[in-house]
Amino acid sequence: MIYIFHFLLLTVAITLIAPNHPLQTAFAFSLLGYLAVLKLIPRVSDSFIKIGLKGKDLSKPHQPTLPETMGLVSAITYLILMIFLIPFVFFKYLVSFTNDDALTSSTYQKQFAAISDNNLFPHNKLAEYLSAILCLQSTTLLGLFDDLFDIRWRHKFFLPAIASLPLLIVYYVDFSVTSVVIPPFLMKGWGSQIFLVINFFIDGVNRMVEGLSGLKFMTRESTLITSPPLLDLGIFYYIYMSAISIFSPNSINILAGINGLEVGQSIILAVILLLNDFCYLVSTSISQAAHDSHLFSAIFLIPFIGVSVALLQYNWWPARCFVGDTYCYFSGMVFAIVGICGHFSKTLLIFLLPQIINFVYGLPQLFHVVPCPRHRMPRFNKTDGLMYPSYGSLDKPNKVSSGLLTILSTLRLVDLQQEEGENKTTTLRFSNLTIINLTLVWLGPLREDTLCLVILVAQLLIGVSMIALRHTVGPWLFGYDNLSWGVK
Ligand code: UD1
Ligand code: MG
């Protein structure tokens, strides 16, 4: 039965592939990606285990050994598909109609004439597309190195910024818009004076960078008095984009530790971003530039969902494989890429809200204000098969660490327990600072899959609310919405 279903999917995929129908072909490729990953994972699992790419599922009674880094299968399948997708997306621009060869020319002319939909990518998008693929290749390699050598956090944290360089360079050459809209109400009274000072500082730094490098990063003068007020960030906008490419992969990697969560949250995020893209794609009043940017984003997200859903089937509780850091970096970078190339890198942040909350909440542990164990995943209780919060312990509390934990405990944001040891020593035990543990502190013990589902549903609800907020409160706050106004 399942084989018939897969065969049907394959037939649908092949039927849907068509030049110059980017969305339709991306969907067909998504189906192909799904089928390929579904078939490949069981076939390569043993080989991964043989070379040491394996890990113990710590939340199961006998802690079975599972193949790790299976996200590599999804990442490589995705990269191959995205390369094969090029002619279908850029067909019109890859073909030279001034070709001297009469036969070739007439063949292309016929194909071109057969195309009714002319909403195609402009040629310069190909550079963005290729740099995105290059960036994902380096990111996948970085993730693989991490899985192989367990690179230290302080070393691996900044590496995605290097992987994203090709993307930023193409952004510089191709698009180079570095100004941001300031909500008009912030410009009232003292606000305008403050922004003038900020603008003065930004301008100074940019002039200095220009003097040193010869590269001009500011594209237009800040126009703080016009409506809507614009602040040109210049070099700071590139620093911001680098920060996104660092944050996005790392934030996925630290919201992890229960079956299905790394890949589950990535799929939900991709679906939310895709919904946001479709808000633009179905609108008739947006500019061609906005349409193309969101088309670009959708084309990267649709096949990503295909290769990820297949991975989730194996990673869902009880997991048969782990996705590895390779997948976390790869998926995080897909989001950074669509945010940057789709020109909605600020909107991306509101969709990353659960990851941002998890990161900010975990800061005291990540910066070692309170101890951070190697694994912060919840604790599995063999007797009832449920997950309980895991705890870190503070043996030598000082004013800062114990004060912070007491505040968090008063706000019901941490479960704090005091243990009296021998020699009148006091140890503070605190639930590890991740939203996974916090969910358990609030809701009580849960089975691993229920816990994962609760977090994913919350993420979906937050994401959908954010789409609604983005297109209602957003325009009101900023004085315009690029969905209706057509301005990027
Ligand atoms: C991050 C988290 C760490 C969390 C780990 C789980 C931070 C700073 N680091 O570390 O707290 O414990 O991810 O992925 O927040 N594992 C399971 N079940 C799962 C997923 C993973 O038991 O569903 C275990 C396996 O032993 C697997 C290992 O976690 O081999 C993978 O850990 P790894 O991804 O290398 O940890 P980090 O990303 O460094
Ligand atoms: Mg990890």
Side-chain angles (χ1 to χ4, degrees), residues 22-23 25-26 29-30 33 71-72 74-91 93-94 120-144 159-177 237-238 240-249 252 266 269-270 273-274 276-277 280-281 289-308 326-345 347-348 351-352 488:
L23 282 178
T25 310
F29 274 45
S30 184
L72 185 66
S74 296
I76 291 181
T77 308
Y78 178 82
L79 285 168
I80 294 173
L81 286 175
M82 293 313 280
I83 291 168
F84 275 110
L85 196 56
I86 294 174
F88 295 98
V89 178
F90 295 99
F91 172 80
Y93 297 95
L94 292 175
L120 305 169
F121 278 123
H123 191 211
N124 57 359
K125 285 272 169 193
L126 181 59
E128 271 187 27
Y129 190 104
L130 291 176
S131 69
I133 291 182
L134 184 60
C135 168
L136 279 173
Q137 279 176 349
S138 342
T139 309
T140 307
L141 209 56
L142 158 72
L144 181 61
L159 290 177
I162 298 169
S164 71
L165 273 181
L167 207 63
L168 301 191
I169 292 168
V170 171
Y171 189 91
Y172 180 85
V173 176
D174 181 26
F175 197 72
S176 69
V177 168
Y237 198 84
Y238 288 87
Y240 164 73
M241 287 190 288
S242 288
I244 294 264
S245 67
I246 293 174
F247 178 75
S248 182
I252 306 268
S266 303
L269 200 51
L273 291 173
L274 203 55
N276 184 54
D277 286 332
Y280 289 86
L281 291 175
H291 178 275
D292 285 347
S293 300
H294 287 278
L295 186 57
F296 183 98
S297 163
I299 279 169
F300 268 76
L301 291 171
I302 294 170
F304 172 77
I305 294 175
V307 296
S308 299
T326 308
Y327 180 80
C328 300
Y329 285 119
F330 158 70
S331 75
M333 197 53 100
V334 169
F335 303 132
I337 286 172
V338 298
I340 292 170
C341 295
H343 309 303
F344 57 86
S345 54
T347 305
L348 174 68
F351 297 134
L352 279 171
K488 288 307 293 177

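- Rounded to the nearest 0.5 angstrom, Tyr129 OH and Ile83 CD1 are separated by 8.5 Å.
- Expressed to the nearest 0.5 Å, how far OG of Ser164 lies from CD1 of Ile340 amounts to 6.0 Å.
- A donor-acceptor pair under 3.5 Å links the side-chain atoms of Ser245 to the main chain of Ser242, judged by distance alone.
- The closest side-chain heavy-atom distance from Leu126 to Ile86 is below 4.5 Å.
- Without hydrogens or angle criteria, Ser176 side chain to Val173 main chain gives no donor-acceptor distance under 3.5 Å.
- Summarising the geometry of Phe296 relative to Ala132, their closest heavy-atom pair is CZ-CB, 4.5 Å, with the distance given to 0.1 Å.
- Judged by distance alone, with hydrogens and angles left aside, the side-chain atoms of Tyr171 form no donor-acceptor pair with the main-chain N or O of Tyr238 at under 3.5 Å.
- Pro160 is not listed as a side-chain neighbour of Phe247, based on a closest heavy-atom distance of 4.5 Å or more.
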For this session: Report the C-alpha separation of Thr347 and Leu273 in whole Å, then their side-chain angles, then the decisive distance to 0.1 Å, and conclude whether the side-chain contact (heavy atoms from CB on, under 4.5 Å) test is met.
Result: CA-CA 9 Å; Thr347 305; Leu273 291 173; over 6 Å; no
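- Checked by atom type and distance alone, the side chain of Thr25 never pairs as donor or acceptor with a backbone atom of Pro22 at under 3.5 Å.
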For this session: Report the C-alpha separation of Tyr78 and Thr140 in whole Å, then their side-chain angles, then the decisive distance to 0.1 Å, and conclude whether the side-chain hydrogen bond (donor to acceptor under 3.5 Å, both in side chains) test is met.
Result: CA-CA 11 Å; Tyr78 178 82; Thr140 307; over 6 Å; no
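- The aromatic ring centroids of Phe300 and Phe304 lie 6.0 Å or more from each other.
- Once rounded to the nearest 0.5 Å, the distance linking OG1 of Thr139 with CG of Leu79 reads 9.0 Å.
- Side-chain N or O atoms of Ser74 include one that pairs as donor or acceptor with a backbone N or O of Val307 at under 3.5 Å.
- To the nearest 0.5 angstrom, Leu81 atom CG is 8.0 Å from Leu85 atom CG.
- With Leu269 as reference, Leu352 is the one residue of Leu301, Leu352, Leu348 to meet the side chain to side chain contact (heavy atoms under 4.5 Å, CB included) rule.
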Problem set entry | Residue pair Leu130, Leu134: steps toward the side-chain contact (heavy atoms from CB on, under 4.5 Å) verdict | CA-CA 6 Å; Leu130 291 176; Leu134 184 60; over 6 Å; no
Problem set entry | Phe88/Phe29 under side-chain contact (heavy atoms from CB on, under 4.5 Å): CA gap, chis, key distance, verdict | CA-CA 11 Å; Phe88 295 98; Phe29 274 45; 3.9 Å; yes
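- Leu136 and Ile337 make their closest contact through CG-CD1, 3.5 Å (heavy atoms, listed as atom of the first residue, atom of the second, distance).
- In this structure, CD1 in Ile252 is found 4.5 Å from OG in Ser331, a value given to the nearest 0.5 Å.
- Closest approach of Tyr327 to Ser308, counting heavy atoms only: OH-OG, 2.8 Å.
- Using a 4.5 Å heavy-atom threshold, the side chains of Tyr237 and Ser345 count as touching.
- Judged purely by atom type and a 3.5 angstrom limit, Ser297 has no side-chain atom pairing as donor or acceptor with the backbone of Ser293.
- Of the candidates His343, His291, His294, Tyr280 forms a ring-ring contact (aromatic ring centres under 6.0 Å, His included) with just one, namely His294.
- Formation of a donor-acceptor pair under 3.5 Å by the Ser248 side chain with backbone atoms of Ile244 is not found in this model.
- Taken from OH in Tyr329 to CG in Leu142, the straight-line distance is 6.0 Å, to the nearest 0.5 Å.
- Considering all non-hydrogen atoms of both residues, Cys341 and Glu128 come closest at CB-OE1, 3.4 Å.
- Between Thr326 and Leu141, every side-chain heavy-atom pair lies at or beyond the 4.5 Å cut-off.
- The two residues Ile299 and Met82 make their nearest non-hydrogen contact at O-CE, 3.6 Å.
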